[in-house]
Protein chains: 2
Amino acid sequence: MTDSTASTGELPDSLSRLYDDPEAEAATLRERAGNPAVADRVSRLCGTLSNPLRLRLLWALRDGECCVCELQTAVDAPQSTVASQLRHLTDVGLVTTRKEGKWSYYGVADDGVFELVDRAAGLADRTEVDE
Amino acid sequence: MTDSTASTGELPDSLSRLYDDPEAEAATLRERAGNPAVADRVSRLCGTLSNPLRLRLLWALRDGECCVCELQTAVDAPQSTVASQLRHLTDVGLVTTRKEGKWSYYGVADDGVFELVDRAAGLADRTEVDE
DNA sequence: CAGTCATATCGTAGTCGTTCGATATGAGTC
DNA sequence: GACTCATATCGAACGACTACGATATGACTG
């Protein structure tokens, strides 16, 4: 007996009842859901932008390069916290580093982030449910 | 003795050495980092978009309403998993529900998500570091 | 080369998110 | 009103993320 809660491969009973050719329908549905690899990449980027501290670091860099101590001041967080989030941002490719003596200067790799974030802010304002 | 790793309020020693009027500089830096409340809202939205399954659910809804069993098929995940992610999406306000008998139909609340996600995909392609 | 300085990394504790089986709910049907 | 069906919620297991003190690194300075 097929179980409608089956995780993989099996079609839900409800779907089979709903359509004459469930397999064909399933194929189009799966296509609609898009490419999982793309979903992974987008989700990773959004994951990076899902941390308030990282967002604020990006904003602080909007007007140009900063060294770590400036960023540390801008976001008012301990040095190690700032450093590790900067590492995260550079790992993901959103931010670049440049070393100059003992100083490290960070900058934004692609100004497109700001367009993205601005748009996200707009959407958040429109959609967010007040609790 | 001030500790450069101090978390809150205290300015890093390096900053104090760097500027004549560190407090003034700190003020402008803090302003650059933007409004923490906005950062929170944006980060929450991005957090929602930071899960591949949720992204794929949104994409599946791009062409119109679906019931749960269709979505379950589209993303090929167990019913309870799909249901709880749909709950997350509606909680955040990105998706709407409509009940009709035993069926629940889900739809996208604001097509702006897709613009946002498309833009994110573009940025991800441009910035992601190959490992 | 000992010391200081700016930053990076490590280690850990605590929190949060995700998944999914089991079970509840509430609508329809006989 | 017992049964089936579609979906929702619960609960536990597990992993990922976060913050941050402690410590390491590597550059400059006397």
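Note on naming: letters A, B, ... go to the chains in the order of the sequence lines (proteins, then strands), and numbering restarts at 1 for each one.
Here A/Arg17 reaches the OP1 or OP2 of D/dA6: one of its side-chain N or O atoms lies under 4.0 Å away. Contact annotation: A/Ser84 does not reach the phosphate of D/dA19 (side-chain N/O to OP1 or OP2, under 4.0 Å). Taking only side-chain nitrogens and oxygens, A/Arg54 comes nearer than 4.0 Å to OP1 or OP2 of D/dT18. For the OP1/OP2 pair of C/dA8 and a distance below 4.0 Å, the side-chain nitrogens and oxygens of A/Tyr106 include at least one atom meeting the criterion. At the phosphate of C/dA22, neither OP1 nor OP2 sits under 4.0 Å from any side-chain N or O atom of B/Ser80. Note on B/Asn51: a side-chain N or O is less than 4.0 Å away from OP1 or OP2 of C/dT18.
In B/Glu31, the CD atom is not crowded: 12 or fewer heavy atoms of neighbouring residues, nucleotides or ligands sit closer than 6.0 Å. When the shell of 6.0 Å around CG of B/Asp21 is examined, it contains more than 12 heavy atoms from other residues, nucleotides or ligands.
Taking atom NZ of residue A/Lys102 and atom C1' of nucleotide D/dT29, one finds them 8 Å apart after rounding to whole Å. To the nearest angstrom, C1' of C/dT7 lies 14 Å from CD of A/Glu70. At whole-Å resolution of the value, CG in A/Leu53 and P in D/dC20 are 9 Å apart. Taking atom CG on A/Asp91 and atom P on C/dA8, their separation rounds to 12 Å, with Å as the unit. If you measure from atom CG of B/Leu18 to atom C1' of C/dA6, you get 11 Å, rounded to the nearest angstrom. A straight line from CZ of B/Arg87 to P of C/dC20 spans 19 Å, rounded to a whole angstrom. To the nearest angstrom, P of D/dT4 lies 16 Å from CH2 of B/Trp103. Protein atom CD of B/Gln79 is 13 Å distant from nucleotide atom C1' of D/dC10, rounded to whole Å.
Side chain A/Gln85 to base D/dA19: no donor-acceptor pair is found below 3.5 Å.
Note on A/Asp118 versus A/Arg62: salt bridge recorded, some NZ/NE/NH1/NH2 to OD/OE distance being below 4.0 Å.
Side-chain atoms of B/Arg119 do not come within 3.5 Å of backbone N or O of A/Gly112 as any donor-acceptor pair.
Using a 4.0 Å heavy-atom criterion, one finds that B/Thr81 contacts the bases of the nucleic acid, with or without backbone contacts as well. If you check every strand for non-hydrogen atoms under 4.0 Å, B/Tyr105 touches nothing.
The salt bridge (Lys or Arg N to Asp or Glu O under 4.0 Å) check on A/Arg87 picks up A/Asp91, with sequence neighbours excluded.
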